[in-house]
Amino acid sequence: MIKVHHLSKTYGDLTVLKDISLTVTKGEVISIIGPSGTGKSTFLRCLNLLEQPSGGSSTVDGIDLLDKKSDVPKIRQRMNMVFQSFNLFSHLTVLENLTIGPIKLLGMQRGEAEQKSLEILKLVGLAEKADSFPDELSGGQKQRVAIARCLAMNPEIILFDEPTSALDPTMVSEVLAVIRRLAKDGMTMLIVTHEMAFARDVSNRVLYMDEGLIYEEGTPQQIFEQPQKEKTRAFINRIRSFNYRISSPDYDLYAMNAEIEQFCERQILPRKTRHNLLLLVEELLQIHNPLLATTTLDLTIAYSEKKETIEIILEHQGETGNLLDKKRLPDELGLNIITHLAQEIDYQRVDATNRVTVLLKKD
Ligand SMILES: Nc1ncnc2c1ncn2[C@@H]1O[C@H](COP(=O)(O)OP(=O)(O)OP(=O)(O)O)[C@@H](O)[C@H]1O
């Protein structure tokens, strides 16, 4: 679908992309990770010609992107991009933001464009906001509109440039849930992201970029669990999230806590943060303990260096239900401790999984 050969990009004396080669096939979901300033965004921008590559070649379904005669608007329609900063038209309603592209660029009739756009808004959970203006929406909703607008152009590939970086931590999950849904529906996507837990579970391939190259690539398992090269290892060690599967009510709490302590050490977290994190995890597990008789619990602790946030995610299959719901608890003692330590608590049902996400309060 996309074939990139020896692509390079320089700005004056600065070589940002040295030599990038990549083949993307239909239905692939590829996450691009790596330290800041290593050219991840530049690479995406070169792909849909927001930046002119300095050398190499790049084709989409055989169309040469660097051929001056190629139809750039058409290329951008097929390979549409979602930006960090939403880029919505503030003077247009949500629906108009979606219909303007299909009407003006694809020549679609207004009625058809509106009908299709409403269906897409439903898909991203925002049908009731069709007549709102972007300023009336939260950051997460704006980004979901931006994704819907991108879908309205009926792209074959979507390029996401750090779609959650401009969002408050509490709004990240709603946007990631929409991208997950697209992945499930088979959309081909390239996603530059700093959300490692997400990159790990949504992608079938992960590219680690450094030194102007795709320094290492592999399955999420290979890149996150067994990176082969020194720089990848160092990067992953810095950002890696902690995962622990608990499958019995008699699980070894001490062993798990020791691993969490080790993880905190690697992230160089202050002692008070470690203490609060352990306490929060303990209380959450206490409340969820009855589930262990019938199902497993997946615990993830994700530390974002960039945002300096720690998220605790507890996932379990089975019936829909939020165990942190006051009405379901015999007493509120544990919940009070959790509420005291948490900045935000969120419950979602995603793909038959119950997911509780708790953001640890900052010191
Ligand atoms: N238009 C430009 N002119 C000059 N230098 C630029 C331009 N755009 C990007 N750069 C430089 O290119 C390098 C790579 O930037 P880029 O935004 O692609 O990195 P990144 O890996 O996406 O970083 P981050 O994760 O922080 O977004 C940086 O050093 C940046 O300053």
Side-chain angles (χ1 to χ4, degrees), residues 2 4 6-22 24 29-56 58 65-66 72 76 79-87 139 142-143 146-147 150 157-169 171-172 175-176 179 189-200 202-203 205-218 220 223-224 227 229-241 267 302-309:
I2 306 179
V4 179
H6 306 298
L7 190 88
S8 63
K9 175 69 186 171
T10 51
Y11 294 108
D13 289 343
L14 179 70
T15 302
V16 178
L17 303 176
K18 265 192 218 153
D19 182 2
I20 305 267
S21 293
L22 175 70
V24 182
V29 178
I30 299 182
S31 292
I32 306 177
I33 62 167
S36 275
T38 45
K40 303 181 297 294
S41 301
T42 304
F43 175 47
L44 287 196
R45 296 171 71 83
C46 281
L47 277 183
N48 87 342
L49 299 177
L50 288 168
E51 298 286 353
Q52 191 64 26
S54 310
S58 167
L65 298 187
L66 301 181
V72 175
R76 292 206 184 124
M79 195 160 51
N80 213 341
M81 187 144 162
V82 173
F83 301 88
Q84 185 176 331
S85 50
F86 328 130
N87 295 3
K142 279 184 201 157
Q143 191 58 303
I147 296 173
C150 176
I157 304 156
I158 305 183
L159 310 175
F160 287 92
D161 189 8
E162 299 193 30
T164 58
S165 288
L167 301 177
D168 284 347
M171 291 169 187
V172 168
V175 171
L176 296 185
I179 303 176
M189 300 189 279
L190 260 70
I191 311 166
V192 170
T193 183
H194 289 274
E195 300 290 339
M196 297 301 145
F198 168 72
R200 186 203 296 248
V202 80
S203 347
R205 197 146 48 114
V206 178
L207 313 180
Y208 172 74
M209 273 184 70
D210 210 330
E211 298 182 353
L213 302 166
I214 296 173
Y215 183 83
E216 186 167 349
E217 69 166 282
I223 295 295
F224 289 107
K229 292 186 164 180
E230 193 48 46
K231 281 198 171 182
T232 324
R233 253 202 301 271
F235 178 78
I236 297 299
N237 277 343
R238 262 205 323 276
I239 48 78
R240 189 162 49 188
S241 58
Q267 316 297 332
Y303 173 58
S304 161
E305 212 178 357
K306 204 168 175 180
K307 297 194 191 114
E308 292 186 352
T309 54

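Remember, it's 1-based here, ligands and their atoms both numbered in the order they're listed. Computation of the quantities below employed the complete heavy-atom set of this structure, encompassing side-chain atoms and omitting hydrogens, waters and symmetry-equivalent molecules.
When the heavy atoms of I32, T42, L14 are ranked by distance to atom 16 (P) of ligand 1, first place goes to T42. Residue nearest to atom 19 (O) of ligand 1, selected from S165, G12, P35, G39: G39 (by heavy-atom distance).
Contact atoms of ligand 1 toward V16: 12 (O), 13 (C), 14 (C) (distance under 4.0 Å to a heavy atom of the residue). Close approach of ligand 1 to T38 is summarised as follows: ligand atoms under 4.0 Å from at least one heavy atom of the residue are 19 (O), 20 (P), 21 (O). Within ligand 1, the atoms closer than 4.0 Å to a non-hydrogen atom of S36 are 23 (O), 24 (P), 25 (O), 26 (O), numbered from 1 in the order shown.
Nearest heavy atoms, L44 versus L159: O-CD1, 3.8 Å. Across V16 and G39, no two heavy atoms sit closer than the pair CG1-CA, 3.5 Å. Taking both residues in full, the closest heavy atoms of L66 and L49 are given as CD2-CD2, 4.2 Å, listed atom of the first, atom of the second, then distance.
Salt bridge E211/K231: present, at least one basic N to carboxylate O contact under 4.0 Å.
For R45, no heavy-atom contact with ligand 1 is shorter than 4.0 Å. Contacts between E162 and ligand 1 below 4.0 angstrom, taking non-hydrogen atoms only, involve the side chain exclusively.
For the residue pair D210 and T38, no side-chain donor N or O sits within less than 3.5 Å of a side-chain acceptor on the partner.
Backbone and side-chain nitrogen or oxygen atoms of K40 are examined, and one is located within less than 3.5 angstrom of a nitrogen or oxygen of ligand 1.
At least one heavy atom of H194 sits closer than 4.0 Å to an atom of ligand 1.
Under a cutoff of 6.0 Å and an axis angle of 45°, K229 and Y215 form a cation-pi pair.
Distance CZ/R205 to CG/L190: 8.5 Å, rounded to 0.5 Å.
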